[in-house]
Amino acid sequence: MSAIQKELSQLIQKGLKELFSLSVEEIILQETKKEFEGQYTLVVFPFSKEAKMAPPMLANQLGEYLKSNCDLVKSIQVVQGFLNISLKNEVWTKILQELSFQKSFDLATKSEKVLIEYSSPNTNKPLHLGHLRNNFLGYSVAQILKSAGYDVVKTNLVNDRGIHICKSMLAYQLFGNNETPETSGLKGDHLVGKYYVAFDKAYKKEIDTLLLTGLDEESAKKEAPILKQAQEMLLKWEQGDKEVVALWETMNNWVFEGFAASYKVMGVDFDKTYRESNTYLLGKELVQEGLNSGVFFQKEDGSVWIDLTDEGLDQKLVLRKDGTSVYITQDMGTAQLKYEDFKASQSVYVVGNEQDYHFEVLFHILKKLNKPFSNGNYHLSYGMVDLPSGKMKSREGTVVDADDLMAEMVQTAKDRTLELGKIEGFSEKESNELFNDLGLGALKYFLLKVDPKKRMLFNPEESIDFQGNTGPFIQYTHARICSIQRKAQEQNITQEPIGNFDQLENCELELIFLLNDYSNKIDESAKNFAPSVIANYAFELAKQFNKFYNELSILNEEDGKKKNFRLILADQTRKTIQHSISLLGIKAPIRM
RNA sequence: GGUUCCGUAGCUCAGCUGGAUAGAGCAACUGCCUUCUAAGCAGUAGGUCUUUGGUUCGAAUCCAAACGGAAUCACCA
């Protein structure tokens with residue numbers, strides 16, 4: 001709640017008490033709808049019963065009370081049970097003045113450490129569009145929580161071991177002819193991904209052959225020789241077989257180099273990167289510990305399970321019969337390691353909603369093991385990015401590649417900018433930087449403006465827009481303001497304190513209202529782990545500024561006080577846009 | 001089949017801790033560049049908020065059911 005909202009709320013509480021002897025704990029002030037007069041609206045229906053008074057009358061009496069008991073309120077308007085409150089213009093100009101004096105947009109520190117795990121790629125294939133949503137989300141949520149006053153640690157958990165990794169390793173051994181990123185000209189992660197696809201192709205072929213011999217499908221899937229070979233390879237890896245480990249290291253390093261390049265383009269980073277190859281053994285220890293304490297149980301074949309039927313779930317495997325660890329084994333180990341390293345009070349996992357069940361199980365297991373890190377865990381479960389044809393599948397090659405898509409976006413930004421002839425006087429370096437900022441801005445905004453929980457659709461046939469509700473629209477507004485400020489500087493215009501000023505146009509008042517609302521938005525988006533709140537806000541703000549820009553002139557305004565006020569208004573808008581999109585990982589060009 | 005999530009304009013999405021005549025953008029149509037960047041602004045058109053019940057002074061929002069869609073229920077991750 002902003003300061004003005006608090007002040008009004010307290011006054012309303014006082015008024016309700018004095019007039020009607022009502023004690024109301026929390027006053028909810030909503031924004032007045034555009035078609036009515038005012039900025040804040042109080043819905044009085046809830047009080048009318050207890051006060052034994054018809055809503056309009058109650059609203060009127062309360063409104064009169066507000067008018068005569070404070071000097072903030074300019075006028076009131078009562079429509080049925082709605083009390084619309086207009087504040088004096090001086091109140092708004094003073095709010096703008098105070099905002100412009102603020103050193104930082106960040107909320108007060110909460111003295112609490114939050115750990116955010118995101119990205120978490122597998123080292124058997126390159127990143128795709130789904131990973132982009134994950135990375136942009138994770139980075140943005142980290143930025144937002146920082147701004148909301150938390151101490152944030154960004155971690156990445158690389159899934160660098162397991163049967164799926166062995167699959168691409170095996171396919172490489174079989175069909176690779178020792179090619180390397182250098183000899184093939186392929187980025188390391190793409191090269192490895194090629195063999196992941198190759199494995200699946202060979203596997204399917206073997207299944208078909210087995211089916212012809214009369215085997216049923218389920219057995220064929222289990223008995224295919226290439227799968228058995230991959231399983232043997234995993235066992236060898238866990239036993240430390242030199243040759244297998246050497247191949248694993250070589251291929252993993254190719255992938256890491258590839259990922260590093262992708263992360264750089266994405267503009268994301270991490271405070272600490274964990275590898276599952278380092279955490280799975282710790283997970284195995286935890287399995288043993290749970291086995292000893294009776295949290296887990298062992299079946300005859302040697303596999304280890306947990307029974308979660310009492311929690312409404314079912315039995316879950318935590319260790320295979322051959323003793324190799326599964327996905328959840330290593331997640332248990334990683335949880336412990338993260339706790340030891342950072343002792344964070346909250347731990348957020350940015351992982352797709354296809355793994356809802358997995359995390360439900362994981363959190364239950366940690367509780368049952370009675371670990372100190374079993375509290376404060378949150379699965380930020382985001383929706384899948386679907387194609388018009390349905391789900392993306394790496395194995396089947398129906399994915400939108402992350403590197404390709406980012407490159408395309410930058411290219412589109414370039415084409416579009418050149419078309420508009422907007423880079424006069426730009427150096428080549430500046431131009432390329434701009435194309436990057438715009439292309440990535442468009443992409444990030446596209447992925448972040450949607451509520452994280454919702455699945456979203458991406459149509460590769462339709463390019464991502466640069467007009468309307470888009471990143472570039474907001475960036476454009478920022479550049480526009482910068483342009484005005486450059487002109488002001490050329491004219492040697494300096495900003496003076498606003499002082500007592502009340503000559504406000506409606507579009508200016510609405511702009512101040514939005515600027516004042518920004519801290520509420522940071523708070524809301526942090527509470528919900530939802531960058532979409534910030535994205536939508538930034539768009540609203542940019543739209544409102546453009547309206548103002550079109551209706552009124554800043555530099556051509558003759559009244560010096562008005563001109564000064566508008567310059568401050570523009571400057572505060574610029575700062576707020578810049579900060580809000582920085583929370584989304586989007587750059588704000590000063591010219592475009 | 002069990003569990004979970006979703007269904008708002010032709011399309012992509014806001015709005016959902018119950019509040020006034022349900023909002024944006026894209027696409028379509030009409031205007032606005034000798035005036036601070038037209039990647040902009042203003043306007044027209046487009047809706048039984050999937051359906052049916054219930055709770056309430058008041059429901060897109062809460063509850064129940066039906067219909068439609070998705071995810072998951074692997075010794076894959």
* Determine, for nucleotides 1-16 of chain B in 5'-to-3' order, which nucleotides have protein heavy atoms under 4.0 Å from the base (write B), from only the sugar-phosphate (write S), or from neither (write -). => ------S----SSS-B
* Asked: Could you give the NZ-to-P distance, from A/Lys228 to B/rC75, as a whole number of Å?
  -> 16 Å
* Asked: Is A/Asn84 touching bases, backbone alone, or none of the nucleic acid, heavy atoms closer than 4.0 Å?
  -> base
* Report the glycosidic orientation of B/rC13: syn if within 90° of 0, anti in every other case. => anti
* What integer number of Å spans the P atoms of B/rG43 and B/rG23? -> 14 Å
* Determine the Euclidean distance between corresponding P atoms of B/rA45 and B/rA24; express it in Å to zero decimal places. => 13 Å
* What does A/Ser48 touch in the nucleic acid at a heavy-atom separation under 4.0 angstrom: a base, only the sugar-phosphate, or nothing? -> nothing
* A/Leu157 backbone acceptor or donor facing A/Glu276 side chain under 3.5 Å -> no
* Base-pairing assignment for B/rU55 (Watson-Crick or G-U wobble, both under 3.5 Å) -> none
* To do: For B/rC29 versus B/rA70, give the span between their P atoms, rounded off to a whole number of Å.
  => 35 Å
* Atom-to-atom span, CD of A/Gln330 to P of B/rC76 - whole angstrom -> 12 Å
* Structure fact -> 5' to 3', nucleotides 36-41 of chain B under a 4.0 Å protein heavy-atom cut-off (B base, S sugar-phosphate only, - none) gives BBSBSS
* Asked: Does the separation of the ring centres of A/Tyr445 and A/Phe466 fall below 6.0 angstrom?
  -> no
* Measure from NZ on A/Lys299 to C1' on B/rC75 and round the result to the nearest Å. => 10 Å
* Gap between atoms NZ and P, on A/Lys316 and B/rU72 respectively (whole Å) -> 12 Å
* With distance as the sole criterion, is a donor-acceptor pair present between the side chains of A/Tyr518 and A/Gln572 under 3.5 Å? -> no
* For A/His358 and B/rA74, give me the distance from atom NE2 to atom C1', rounded to whole Å. => 13 Å
* Determine the contact category for A/Gln355: base if any of its heavy atoms lies under 4.0 Å from a base atom, sugar-phosphate if only primed atoms, P, OP1 or OP2 are that close, otherwise nothing. => base
* May I ask you to test the A/Asn156-A/Pro121 pair for a side-chain heavy-atom distance under 4.5 Å? => yes
* Asked: What do you reckon, are the aromatic ring centroids of A/Phe548 and A/Phe545 less than 6.0 Å apart?
  -> yes
* Base paired to B/rU21 (Watson-Crick or G-U; both N/O distances under 3.5 angstrom) -> none
* C1' atoms of B/rG2 and B/rG54, separation to the nearest Å -> 27 Å
* Asked: Is it true that a side-chain atom of A/Glu557 and a backbone atom of A/Lys562 form a donor plus acceptor pair closer than 3.5 Å?
  -> no
* Quick one: does A/Glu206's side chain have a donor or acceptor within less than 3.5 Å of a partner on A/Ile226's backbone? -> yes
* With sugar-phosphate meaning primed atoms plus P, OP1 and OP2, does A/Val326 contact a base, only sugar-phosphate, or nothing at under 4.0 Å between heavy atoms? -> sugar-phosphate
* To do: Using atom CG of A/Asp386 as one end and atom C1' of B/rG69 as the other, report the distance to the nearest whole Å.
  => 11 Å
* To do: With heavy atoms under 4.0 Å as the rule, sort A/Asp322 into base, sugar-phosphate or nothing.
  => nothing
* Asked: Backbone N or O of A/Leu569 within a donor-acceptor pair of the A/Thr573 side chain at under 3.5 Å?
  -> yes
* Asked: For B/rC49, which nucleotide in any strand shown is its Watson-Crick or wobble partner with both distances under 3.5 Å?
  -> none
* **Any A/Lys33 side-chain N or O less than 4.0 Å from OP1/OP2 of B/rA20** => yes
* To do: Quickly work out the A/Leu170 CG to B/rC76 P distance and round it to whole Å.
  => 15 Å
* Nearest-Å distance once atom P is located in both B/rU50 and B/rA42 -> 29 Å
* 5'-most by nearest nucleotide on RNA chain B - A/Leu234 or A/Gln30 -> A/Gln30
* Asked: Using atom P of each nucleotide, how far apart are B/rA60 and B/rG7 to the nearest Å?
  -> 15 Å
* To do: Give the ring-plane orientation class for A/Phe458 versus A/Phe446, where under 30° counts as parallel, over 60° as perpendicular and anything between as tilted.
  => perpendicular
* To do: Tell which nucleotide pairs with B/rU72, taking only Watson-Crick or G-U wobble pairs whose two distances are both under 3.5 angstrom.
  => B/rG2
* Asked: With sugar-phosphate meaning primed atoms plus P, OP1 and OP2, does A/Phe82 contact a base, only sugar-phosphate, or nothing at under 4.0 Å between heavy atoms?
  -> base
* To do: Hey, which sits more toward the 5' end of RNA chain B by its nearest nucleotide, A/Asp465 or A/Lys167?
  => A/Asp465
* Kindly point out which of B/rC75, B/rC76, B/rC57 is positioned nearest to the side chain of A/Lys49? => B/rC57
* **Side chain A/Asp160, main chain A/Ser277, donor-acceptor under 3.5 Å** => yes
* Asked: If you measure only the distance, is there a donor-acceptor pair under 3.5 Å linking the side chains of A/Gln411 and A/Asp415?
  -> yes
* **B/rC67 pairs with, by Watson-Crick or G-U criteria that keep both distances under 3.5 Å** => B/rG7
* Asked: If you check every side-chain atom of A/Phe539, which of B/rC75, B/rU72, B/rA24 has the closest atom?
  -> B/rA24
* Taking the six-membered ring for Trp, are the ring centroids of A/Phe363 and A/Tyr349 within less than 6.0 Å of each other? -> yes
* Asked: Ignoring hydrogens and geometry, is there a side-chain-to-backbone donor-acceptor pair from A/Asp465 to A/Gln467 under 3.5 Å?
  -> no
* To do: Examine distances only and state if a side-chain atom of A/His478 and a backbone atom of A/Pro589 form a donor-acceptor pair shorter than 3.5 Å.
  => yes
* Which part of the nucleic acid does A/Pro46 contact within heavy-atom distance under 4.0 Å: base, sugar-phosphate only, or nothing? -> base
* Structure fact -> Any strand, both distances under 3.5 Å, Watson-Crick or G-U wobble: B/rG43 pairs with B/rC29
* Side-chain donor/acceptor of A/Thr334 to backbone N/O of A/Gln330, under 3.5 Å -> yes
* To do: With heavy atoms under 4.0 Å as the rule, sort A/Gln80 into base, sugar-phosphate or nothing.
  => nothing
Distances under 3.5 Å between nitrogen or oxygen atoms of protein and nucleotides 58-62 of chain B:
none

* Asked: Rounding to the closest angstrom, what is the interatomic distance between B/rG25 and B/rA9 at atom C1'?
  -> 12 Å
* **Inter-nucleotide C1' distance (B/rA65, B/rC57), Å rounded** => 26 Å
* A/Phe36 CZ to B/rU21 P, straight-line distance once rounded to whole Å -> 7 Å
